[in-house]
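Below, chain A is the first sequence line, B the second, and so on; all start at residue 1.
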Amino acid sequence: MSVSAAVLPEVLPRAEIEPPVAGPTRRRLARIPGSKAERRWLLWPPLIFFIVALLLPMIALVGQALNGKKGNAFAEALSMSSFTDAVVRTVLLAAIVTVITVIVGYVYAMGVATAPNWLKAVLMAGLLLSLWTSIMVRSFGWMLIELPKGAIYWFMGLFGLADKPLELYQTTLAMYPAMVAVMLPFAVLPLLSAINGLDREQLNAATVFGAGPLLTFRKVILPSVAPAAISGGVLVFVMSLGFYVTPLLLGGPKNMTVSVIINTQLNTANRPDLAAAMSILLVGGTIVIYLIADKLFNVSEKWG
Amino acid sequence: MTDVSLRRAIGPFRSPLLILAILASLLFFIPFFVVIATSWTSGSFLLFPPTGFSLQWYESVIGDKLWTDPFKLSLLVSLISTVIAVVLGTLGALALRRIRSRTGARLLRTMFIVPMALPPVAYAVGLYSVNSTVRIFKPTLTAMIVGEALLVMPYVFVLVSTALGNSDPALRPAAATLGASWPLILWRVELPPVLPNILAGAVFAFSVAFDEVVLPVFLTPVGQVTLPLKMLTASQEAFSPQLTAASTLISLLALIVLGGVNLFSNRRARRARASAKAKLA
């Protein structure tokens, strides 16, 4: 993704100004092996940082999981129905959020691409607002909307529809709009750059030869934006697996995700070994899913 | 810039598409406006619509050390982790261009992007466990800073490596042929054109780090609280107008700073392009 919306407006026009160097030459020139000294100074500092910041905590997790006093923490975690239920719930939640986010994200990106200028500015402002304000603030907003006497209740009251306070807050349904809103930018941005990169000649050709919007969508637009939709979707899915704050604040005790369970094991049940075992399962699962998707769809390449 | 081809291609579906997009944008706007509105209430409860208008809650936040201290701590932690992330993320993006083997480049790229997929709670538990083994970390902010730097590094890496990929690939060999050493090439040839993206990466990394709430839950030393953590605990203790006033203040600050930087860097990039064009002509 041209990740940040901060650069987005700038990346696009530049592509128009500089005609790309012919493909293969450019690719060959793009990576010229550096000298030994270059590799030492450029590659080793980040590598060492990754060992300290990523590998070390993972090793510590394994150590902590094996150090429990009650035998095998992994087996215990997997036999706990509260954990396995949370795993199923979390995966399902992430899948639903991903599907909704990608579809809405496509509509949003198409909206940005085809809207008149004033509306385009409004839609981009919405994206930036979401990227630039704290997730806590956004969650509070949803809480205020969904509370029994919150904004929805007030709004319905205007039309005389609300006879009794809502029972929406801390239900499963309450989480979805908030989670989709959190994830939407991560789907919209790659889709938007894919849509902007669509071959206009192909589009024109399709129209000239009489293809209707549906046929054009199926044969021209969809194949071109599918890679972006997939890589955005993969990222949204793996990020959704780690959801913590939103379900905690909006979903209530019935909707505990794996992350919430891990926190409970560590801080309430005082079982650091179980928390560690569950963390390993969660990290391991997430990373494996990501790596498989990366292998299949070149997700990292689309982003970097 | 009107996209005629695309508009024609989607034909009659344009209006429903635009209406749906507007509805979707409400997902972004409404929660934000509701938070702002509730914060100016003159009553002492969080109510929507607000009762009356007063700025009392803003005053109470600004004058309260329980809010200003976490703000300063968040500023400090995110600044340091942003510096780490920007330096190392940029080094990584530069290194990516110098690796001959495709597999190596692919591995490096994946390594830099994977932290985005890392579930924050599980990662925080890992850091917590390192923290409790290595005693010197425990009373300090080190583990939290390192962790946040790792979580935000992908954003810097992606932005900088995209920009490097768009720059002219022939410049580096050309400079090398003319006898420039690699640090000189790096400093005078490679980095200047991607500076706006490095800046954008820094801003993005800072805002994500500032926003991080899960790591602080596990890793703040006794007696210290970051702002998002303060907001989380405050929301669980008493959901009050003070909380939404603090939320509004911090959001407005973020919007002003980030919007300003964005305008500045866009203008800078436009000027750079214009002057490059003028030189060519």
Side-chain angles (χ1 to χ4, degrees), chain A residues 2-4 6-7 10 29-31 33-34 38 42-43 45-46 49 53 56-58 60-61 64 104 107-108 110-111 113-115 123 126 129-130 132-134 136-138 140-142 144-145 151 154 181 200 203-204 207 213 216 238 242 244 259 262 275 279 282-283 286 290 300 303-304, chain B residues 3 5-11 13-14 17-18 20-21 24-25 27-28 31-32 34-35 38 48 88 91-92 94-95 97-98 100 109-110 113 117 119-122 125-127 129-130 146 150 155 158-159 161-162 169-170 182 197 200 204 211 213-214 228 231 247 251 254 258 262 266 269:
Chain A
S2 346
V3 136
S4 141
V7 231
E10 178 195 321
L29 277 170
R31 267 210 314 272
E38 284 182 274
L42 299 178
L43 191 55
F49 180 79
L56 215 59
M58 293 306 130
L61 273 184
Q64 189 171 318
V104 177
V107 171
Y108 204 93
M110 278 302 260
T114 59
L123 294 176
L129 187 66
S130 167
W132 290 350
T133 51
S134 162
M136 296 303 303
V137 175
R138 286 177 273 156
F140 296 155
W142 287 106
L144 290 166
I145 291 173
W154 166 79
R200 300 292 179 260
L203 284 175
N204 289 340
T207 323
T216 314
V238 290
Y244 175 74
S259 293
I262 291 174
S279 298
L282 178 60
V283 172
T286 308
Y290 181 80
S300 303
W303 291 69
Chain B
D3 200 329
S5 318
L6 195 57
R7 278 187 198 178
R8 213 166 36 205
I10 58 172
F13 286 92
R14 182 165 170 240
L17 205 68
L18 291 182
L20 288 175
S25 76
L27 288 175
F28 298 136
F32 186 64
V34 169
V35 167
T38 52
F48 189 87
L88 296 179
L91 288 185
L94 289 165
R97 307 252 295 163
R98 289 168 166 76
R100 192 202 298 267
R109 197 182 284 125
T110 306
I113 301 204
V121 169
V125 174
L127 276 174
S129 145
V130 173
V146 167
L150 181 86
Y155 300 100
V158 166
L159 285 173
S161 64
T162 311
W182 72 264
N197 277 51
F204 209 73
D211 195 16
V213 60
V214 177
M231 290 163 98
S247 299
S251 305
L258 295 174
N262 197 29
N266 270 354

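No donor-acceptor pair closer than 3.5 Å links the side chain of A:R138 to the backbone N or O of B:P31. The closest donor-acceptor contact from the side chain of B:R7 to the backbone of A:T114 lies under 3.5 Å.
Contact record, B:P119 with A:G242: CB-CA, 3.9 Å, taken as the closest heavy-atom pair. Across A:L144 and B:V35, no two heavy atoms sit closer than the pair CD1-CA, 4.1 Å. Shortest non-hydrogen contact noted between A:P46 and B:G92 is CG-N, 4.0 Å. Scanning both residues, B:D211 and A:S134, for their nearest heavy atoms gives OD1-OG, 2.8 Å. The shortest non-hydrogen separation linking A:L61 to B:A122 is CD1-O, 3.9 Å.
Both the backbone and the side chain of B:R8 come within contact range of chain A, each with at least one heavy atom under 4.5 Å from a heavy atom of that chain. Contacts of B:V214 with chain A are made by side-chain atoms alone, with heavy-atom separations under 4.5 Å and no backbone atom involved. At a 4.5 Å heavy-atom cutoff, the contact between B:T38 and chain A is made by side-chain atoms alone.
The closest side-chain heavy-atom distance from A:Y108 to B:S25 is below 4.5 Å.
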Step by step, would you call A:W142 with B:V34 a side chain to side chain contact (heavy atoms under 4.5 Å, CB included)?
-> CA-CA 9 Å; A:W142 287 106; B:V34 169; over 6 Å; no
